[in-house]
*Asks:* 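Sharing a structure below in C-alpha coordinates format, with a few things to ask.
The model shown is predicted, which means the values in this text are computed figures rather than measured ones.
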Amino acid sequence: MAPGEIYLASFPFGGTVGTKIRPVLLLTGPLGPVPEVLVAYITSVVPPSLLPTDIVLDPRHPQFASTHLKTISLLRLRKLATIHQSNLVRSLGNLSPLTFSEVQAKLRGLLGL
(Lines give C-alpha, C1' and ligand atoms only; values in the text may rest on other atoms or scores of the structure.)
Protein backbone atom coordinates (compact mmCIF):
# COMPACT_ATOMS: atom_id res chain seq x y z
CA MET A 1 0.00 0.00 0.00
CA ALA A 2 1.78 3.10 -1.30
CA PRO A 3 1.12 6.48 -2.91
CA GLY A 4 0.11 6.14 -6.56
CA GLU A 5 -1.88 2.93 -6.08
CA ILE A 6 -5.57 2.74 -6.97
CA TYR A 7 -7.94 0.91 -4.63
CA LEU A 8 -11.64 0.27 -4.36
CA ALA A 9 -12.67 1.88 -1.08
CA SER A 10 -15.64 3.00 0.98
CA PHE A 11 -15.57 6.72 0.19
CA PRO A 12 -17.70 9.19 2.21
CA PHE A 13 -20.58 11.01 0.51
CA GLY A 14 -20.26 14.79 0.55
CA GLY A 15 -22.92 16.52 2.61
CA THR A 16 -24.74 13.34 3.71
CA VAL A 17 -24.16 10.37 5.94
CA GLY A 18 -22.90 7.22 4.29
CA THR A 19 -20.27 5.83 1.97
CA LYS A 20 -20.07 4.29 -1.48
CA ILE A 21 -17.58 1.78 -2.90
CA ARG A 22 -15.57 3.58 -5.56
CA PRO A 23 -12.03 3.79 -6.89
CA VAL A 24 -9.63 6.10 -5.09
CA LEU A 25 -6.01 7.09 -5.56
CA LEU A 26 -3.76 6.69 -2.54
CA LEU A 27 -1.85 9.92 -1.87
CA THR A 28 -0.13 8.55 1.24
CA GLY A 29 0.63 5.21 2.77
CA PRO A 30 -0.89 4.35 6.17
CA LEU A 31 -0.38 7.14 8.72
CA GLY A 32 -0.72 7.18 12.49
CA PRO A 33 -1.35 4.61 15.21
CA VAL A 34 -4.85 3.98 13.82
CA PRO A 35 -3.74 3.70 10.20
CA GLU A 36 -5.44 6.14 7.87
CA VAL A 37 -4.66 7.09 4.28
CA LEU A 38 -5.25 10.27 2.33
CA VAL A 39 -7.08 9.49 -0.92
CA ALA A 40 -8.41 11.31 -3.98
CA TYR A 41 -11.78 10.55 -5.54
CA ILE A 42 -12.09 8.87 -8.95
CA THR A 43 -15.38 9.03 -10.86
CA SER A 44 -16.63 7.74 -14.22
CA VAL A 45 -18.70 10.92 -14.65
CA VAL A 46 -16.59 13.18 -16.86
CA PRO A 47 -18.13 16.66 -17.23
CA PRO A 48 -17.81 18.68 -20.45
CA SER A 49 -15.48 21.18 -18.78
CA LEU A 50 -12.66 20.13 -16.46
CA LEU A 51 -11.10 21.92 -13.52
CA PRO A 52 -7.34 22.58 -13.57
CA THR A 53 -6.89 19.90 -10.88
CA ASP A 54 -8.78 17.17 -12.78
CA ILE A 55 -6.93 14.39 -14.63
CA VAL A 56 -8.67 12.17 -17.19
CA LEU A 57 -7.67 8.50 -16.92
CA ASP A 58 -8.38 6.62 -20.14
CA PRO A 59 -7.60 2.89 -19.70
CA ARG A 60 -7.36 2.49 -23.50
CA HIS A 61 -4.24 4.70 -23.45
CA PRO A 62 -1.03 2.76 -22.64
CA GLN A 63 -0.10 5.33 -19.97
CA PHE A 64 -3.22 4.38 -17.99
CA ALA A 65 -3.42 0.62 -18.66
CA SER A 66 -1.90 -0.15 -15.24
CA THR A 67 -4.84 1.56 -13.49
CA HIS A 68 -7.09 -1.41 -14.39
CA LEU A 69 -10.06 0.95 -14.50
CA LYS A 70 -12.86 -0.35 -16.76
CA THR A 71 -13.92 2.97 -18.25
CA ILE A 72 -12.67 6.50 -18.87
CA SER A 73 -12.55 8.10 -15.44
CA LEU A 74 -11.75 11.41 -13.83
CA LEU A 75 -9.34 11.87 -10.95
CA ARG A 76 -10.69 14.80 -8.90
CA LEU A 77 -7.81 16.14 -6.85
CA ARG A 78 -10.05 18.75 -5.25
CA LYS A 79 -12.04 15.95 -3.63
CA LEU A 80 -9.79 14.45 -0.95
CA ALA A 81 -10.60 12.38 2.12
CA THR A 82 -8.74 10.73 4.96
CA ILE A 83 -10.14 7.24 5.42
CA HIS A 84 -9.31 4.34 7.71
CA GLN A 85 -7.10 1.73 6.08
CA SER A 86 -9.80 -0.88 6.75
CA ASN A 87 -12.05 1.00 4.26
CA LEU A 88 -9.74 -0.07 1.43
CA VAL A 89 -11.52 -3.04 -0.13
CA ARG A 90 -9.01 -4.23 -2.73
CA SER A 91 -6.21 -3.04 -4.97
CA LEU A 92 -7.04 -2.29 -8.60
CA GLY A 93 -3.75 -1.02 -10.04
CA ASN A 94 -1.56 2.05 -10.05
CA LEU A 95 -0.75 5.25 -11.89
CA SER A 96 2.33 5.48 -14.07
CA PRO A 97 5.23 7.44 -12.53
CA LEU A 98 4.64 10.19 -15.14
CA THR A 99 0.97 10.57 -14.18
CA PHE A 100 1.75 10.47 -10.46
CA SER A 101 4.28 13.29 -10.99
CA GLU A 102 1.47 15.26 -12.64
CA VAL A 103 -0.75 14.52 -9.60
CA GLN A 104 1.94 15.81 -7.25
CA ALA A 105 2.42 19.01 -9.27
CA LYS A 106 -1.33 19.69 -9.39
CA LEU A 107 -1.65 19.08 -5.64
CA ARG A 108 1.20 21.50 -4.91
CA GLY A 109 -0.62 24.14 -6.97
CA LEU A 110 -3.99 23.39 -5.37
CA LEU A 111 -2.58 23.57 -1.84
CA GLY A 112 -0.20 26.45 -2.54
CA LEU A 113 2.91 24.45 -1.60
*Asks:* For residues Leu92 and His68, report the shortest heavy-atom separation together with the two atoms involved.
*Replies:* O-ND1, 2.8 Å
*Asks:* Looking at CG of Leu57 and OG1 of Thr43, how far apart are the two atoms once the value is rounded to the nearest 0.5 Å?
*Replies:* 11.0 Å
*Asks:* Roughly how far, to the nearest 0.5 Å, is the CG atom of Asn87 from the CD atom of Glu36?
*Replies:* 9.5 Å
*Asks:* Counting distance only, does the side-chain N/O of Ser66 pair as donor-acceptor with the main-chain N or O of Asn94 below 3.5 Å?
*Replies:* yes
*Asks:* Could you list all the ring pair (Phe, Tyr, Trp, His ring centres under 6.0 Å) pairs where at least one residue sits in residues 80-113, not counting sequence neighbours?
*Replies:* none
*Asks:* Which heavy atom in Val39 sits nearest to a heavy atom in Leu27, and how many Å separate them?
*Replies:* C-CD1, 4.1 Å
*Asks:* Looking at every heavy atom in both Ala40 and Leu77, which two are closest together, and how far apart are they?
*Replies:* CB-CD2, 3.9 Å
*Asks:* Heavy atoms only: give me the nearest Leu8-Pro23 pair and the separation to one decimal.
*Replies:* CD2-N, 3.8 Å
*Asks:* Between Ile6 and Leu88, is there shared hydrophobic-cluster membership here, with clusters defined by ILVMFWY side-chain heavy atoms closer than 4.5 Å?
*Replies:* no
*Asks:* Among Ile, Leu, Val, Met, Phe, Trp and Tyr joined by side-chain contacts under 4.5 Å, find the other residues sharing a cluster with Val46 and list them by chain and number.
*Replies:* Leu50, Val56, Ile72, Leu74
*Asks:* Quick one: salt bridge (Lys or Arg N to Asp or Glu O under 4.0 Å) pairs with a partner in residues 37-61, sequence neighbours left out?
*Replies:* Asp54-Arg76, Asp58-Arg60
*Asks:* How long is the gap from CG on Leu38 to OG1 on Thr28, to the nearest 0.5 Å?
*Replies:* 5.0 Å
*Asks:* For Leu51, does its backbone N or O pair with a side-chain atom of Thr53 as donor and acceptor, under 3.5 Å?
*Replies:* no
*Asks:* Could you pull out all residues at least two apart from Ser96 that satisfy side-chain hydrogen bond (donor to acceptor under 3.5 Å, both in side chains)?
*Replies:* Thr99
*Asks:* Is there a path from Ile83 to Leu107 through hydrophobic residues (I, L, V, M, F, W, Y) whose side chains come within less than 4.5 Å of each other?
*Replies:* no
*Asks:* What heavy-atom pair brings Arg78 and Leu110 nearest, and what distance separates the two atoms?
*Replies:* CA-CD2, 4.1 Å
*Asks:* With sequence neighbours excluded, tell me which residues meet ring pair (Phe, Tyr, Trp, His ring centres under 6.0 Å) with His61.
*Replies:* Phe64
*Asks:* Work out which heavy atom in Ile42 is nearest to a heavy atom in Val24; give both atom names and the distance.
*Replies:* CD1-C, 3.9 Å
*Asks:* Got Gln85 and Met1 here, is their nearest side-chain heavy-atom distance under 4.5 Å?
*Replies:* yes
*Asks:* Is Ser73 reaching over with its side chain to a backbone N or O of Ser44, donor-acceptor style, under 3.5 angstrom?
*Replies:* no
*Asks:* Applying side chain to side chain contact (heavy atoms under 4.5 Å, CB included), can you list everything that pairs with Leu113, at least two apart in sequence or on another chain?
*Replies:* Arg108, Leu111
*Asks:* Would Val37 and Ile21 show up in the same hydrophobic cluster when neighbours are defined by side-chain heavy atoms closer than 4.5 Å?
*Replies:* no
*Asks:* Same cluster for Val103 and Leu69 if Ile/Leu/Val/Met/Phe/Trp/Tyr side chains link at under 4.5 Å?
*Replies:* yes
*Asks:* In this structure, would Leu26 and Leu75 fall into the same cluster of hydrophobic residues linked by side-chain contacts under 4.5 Å?
*Replies:* no
*Asks:* For the side chain of Lys20 and the backbone of Ser10, is there at least one donor-acceptor N/O pair under 3.5 Å apart?
*Replies:* no
